[in-house]
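Below is one structure; the comments refer to it alone.
Below, read A as the first sequence line, B as the second, and so on, with proteins coming before strands; counting in each chain starts at 1. This is a predicted model, so every value here is computed, not measured. Basis for what follows: all heavy atoms, side chains included, without hydrogens, waters or symmetry-related copies.
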2 protein chains.
Amino acid sequence: MVDQFRQFLTRFVDLTDPEWQALEKHLTSKTMPKKGFLIQQGQTATEINFLLSGSCRLFYERDGNEKTTYFFFENNLVGDYLGCLTNQPSTLSIQALEDCKLICFRYEVLTALYQQFPAYQLFGRKLAEYLFMGLDIRLAELLTLSPEERYLKFIGTPAKRKIMERIPQQYIASYLGVTPVSLSRIRRRIHPS
Amino acid sequence: MVDQFRQFLTRFVDLTDPEWQALEKHLTSKTMPKKGFLIQQGQTATEINFLLSGSCRLFYERDGNEKTTYFFFENNLVGDYLGCLTNQPSTLSIQALEDCKLICFRYEVLTALYQQFPAYQLFGRKLAEYLFMGLDIRLAELLTLSPEERYLKFIGTPAKRKIMERIPQQYIASYLGVTPVSLSRIRRRIHPS
DNA sequence: TCAACTTCTTAACAAAAGATAATAAATCAG
DNA sequence: CTGATTTATTATCTTTTGTTAAGAAGTTGA
């Protein structure tokens, strides 16, 4: 269970046993049923979770309308990283799309480890760089590709295509920056049947 | 001159004199005339610059069409940070919008300092977190606001409004995710005169 | 199994945006 | 100063998207 999380960390940094144990002792297990909320608009984020299994969506609510902008899957972190950094009340919500098993720790624990261990300071940098890269590429795609091109690129990426099989299409629409109705029309244009 | 850069660094981290000198000895001065290129599509980014004065735009070219997605101003870093992280040929270009004075250093110098000094490792994390925050907020705005709302938010932010006085409107249009013609129409709708 | 709910598609209409081109305004360089 | 270039606006037309609503298809849970 926690090994799965330790394995994830090695994607960014090698940890000695004592370093790992310094984090491990602060970990707790959690489950969240489908449609449950990890955080809701207005709350202040204090925790980061590791997704052992399941999936979540991140969305913003504007006048009764939900805009899903991000998805989280197993073997990745899930949480309001921006909220943890700024310590401001969150403008977003994170909801389970499937039943989730989680490993939970307070963000403060992580920042404390940043001070105590160079390895975690390195991890913190690698993590932020990793998240930056994802956003930078995504932003460029949003600004340079048309909705139709974005959809084609999305289904052309094997990892993303698998997402479509697990996530309702309406959420993918808003991830791509269009309405569900519009995505349905784009699909009809592309897959004439 | 270099003091201006050192001052910038203190926004992220406090450096001792020896720490600062370890970086300072690798710094070089550069100027770039208006319309000059800091990096062009296809090149591999190896340098980061600090903008002493002037401004630049970052753009992508797609079938003869340029999409400007980011601006750089004095007292900030300018460069292809993603390219430095991935070490892959760049898909973007950075061009001076005004005559620029720069302080230049190789990205390798920075990563070497990450290893040598905890203070720079901390700086690297803070920098990545800072860049992440900017992108995260921007992505959310792109996905949740209409073009008109994005323009209103843009001119409603004093710091951004000042940008409008220095940057041709066509570039701001594409920064906001619309064509120059469309931004002109949005402005007419909003400022009826 | 079956009713309730969710999701996707389709239609019809209005609104907005893209493309192209022409003109006006502003800026720049010799 | 002035011709050349760059930039912004406006018009026209086409395409796309948003909105709303209805119906079909699929899923879920008691």
Could you list all N or O pairs between the protein and nucleotides 23-30 of chain D that sit under 3.5 Å apart?
none

Dump the pairs, protein N or O against N or O of nucleotides 5-8 of chain D, anything under 3.5 Å, distances to one decimal.
unit_1 : atom_1 : unit_2   : atom_2 : d
D:dT7  : OP2    : B:Gln170 : NE2    : 3.1
D:dT7  : O5'    : B:Gln170 : NE2    : 3.3
D:dA8  : OP1    : B:Gln169 : N      : 2.5
D:dA8  : OP2    : B:Gln169 : N      : 3.3
D:dA8  : OP2    : B:Gln170 : N      : 3.1

Check nucleotides 15-19 of chain D against the protein and report each pair of N or O atoms closer than 3.5 Å, with its distance, or say if there are none.
unit_1 : atom_1 : unit_2   : atom_2 : d
D:dT17 : OP2    : A:Arg189 : NH1    : 3.3
D:dT17 : OP2    : A:Arg189 : NH2    : 3.1
D:dG18 : OP2    : A:Thr179 : N      : 3.2
D:dG18 : OP2    : A:Thr179 : OG1    : 2.9
D:dG18 : OP2    : A:Ser182 : OG     : 3.4
D:dG18 : N7     : A:Arg185 : NH2    : 2.7
D:dG18 : O6     : A:Arg185 : NH1    : 3.2

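Listed by chain and residue number, B:Glu108 satisfy the salt bridge (Lys or Arg N to Asp or Glu O under 4.0 Å) test with B:Arg106 (two or more places apart in sequence, or in another chain). In this structure, A:Glu24 has no salt bridge (Lys or Arg N to Asp or Glu O under 4.0 Å) partners at least two apart in sequence or on a different chain. In this view, B:Thr10 satisfies the side chain to side chain donor-acceptor pair (under 3.5 Å) rule with no residue, not counting sequence neighbours. Applying the side chain to side chain donor-acceptor pair (under 3.5 Å) rule to A:Arg185 yields no partners; only residues at least two apart in sequence or on another chain are considered.
A donor-acceptor pair under 3.5 Å links the side-chain atoms of A:Tyr120 to the main chain of A:Glu19, judged by distance alone.
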- Start with the C-alpha distance between A:Leu143 and B:Arg138, add both sets of side-chain angles, then the distance that settles side chain to side chain contact (heavy atoms under 4.5 Å, CB included), and finish with yes or no. CA-CA 11 Å; A:Leu143 287 172; B:Arg138 184 130 173 257; 3.5 Å; yes

- Query: Between B:Lys153 and B:Glu149, does a salt bridge (charged side-chain N to carboxylate O under 4.0 Å, His left out) hold up when you go through it step by step?
  - Reply: CA-CA 6 Å; B:Lys153 188 151 203 168; B:Glu149 289 169 323; over 6 Å; no

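Pairs of residues two or more places apart, or lying in two chains, that qualify as side chain to side chain donor-acceptor pair (under 3.5 Å) and include a residue from residues 34-47 of chain A are A:Lys30-A:Glu47.
In this structure, A:Phe123 is a member of the same hydrophobic cluster as A:Leu27, with clusters built from ILVMFWY side-chain heavy atoms closer than 4.5 Å.
For the helix from C:dT1-D:dA30 to C:dG30-D:dC1, the angle separating the two terminal helix axes comes to 60°, with each axis derived from five pairs and the value rounded to 10°.
Residue A:Leu38 belongs to a hydrophobic cluster whose other members are A:Met32, A:Ile39, A:Leu51, A:Leu58, A:Tyr60, A:Tyr70, A:Phe72, A:Val78, A:Leu92, A:Ile94, A:Leu102, with links defined by side-chain heavy atoms closer than 4.5 Å. With a 4.5 Å cut-off between side-chain heavy atoms of Ile, Leu, Val, Met, Phe, Trp and Tyr, the cluster of A:Phe59 takes in A:Phe37.
Put simply, chain B comes within 4.0 Å of DNA chain C, heavy atom to any atom, from C:dA17 to C:dC28, going 5' to 3'.
Taken from OH in B:Tyr151 to CD1 in B:Ile172, the straight-line distance is 8.5 Å, to the nearest 0.5 Å.
Note on ring orientation: taking the six-membered ring where Trp is involved, the planes of B:Phe50 and B:Phe5 are tilted (angle from 30° to 60°).
One finds a salt bridge joining A:Glu98 and A:Arg166 here, because a Lys/Arg side-chain nitrogen approaches an Asp/Glu carboxylate oxygen to under 4.0 Å.
Of the N and O atoms on the side chains of B:Arg57 and B:Thr68, at least one donor lies less than 3.5 Å from an acceptor on the other residue.
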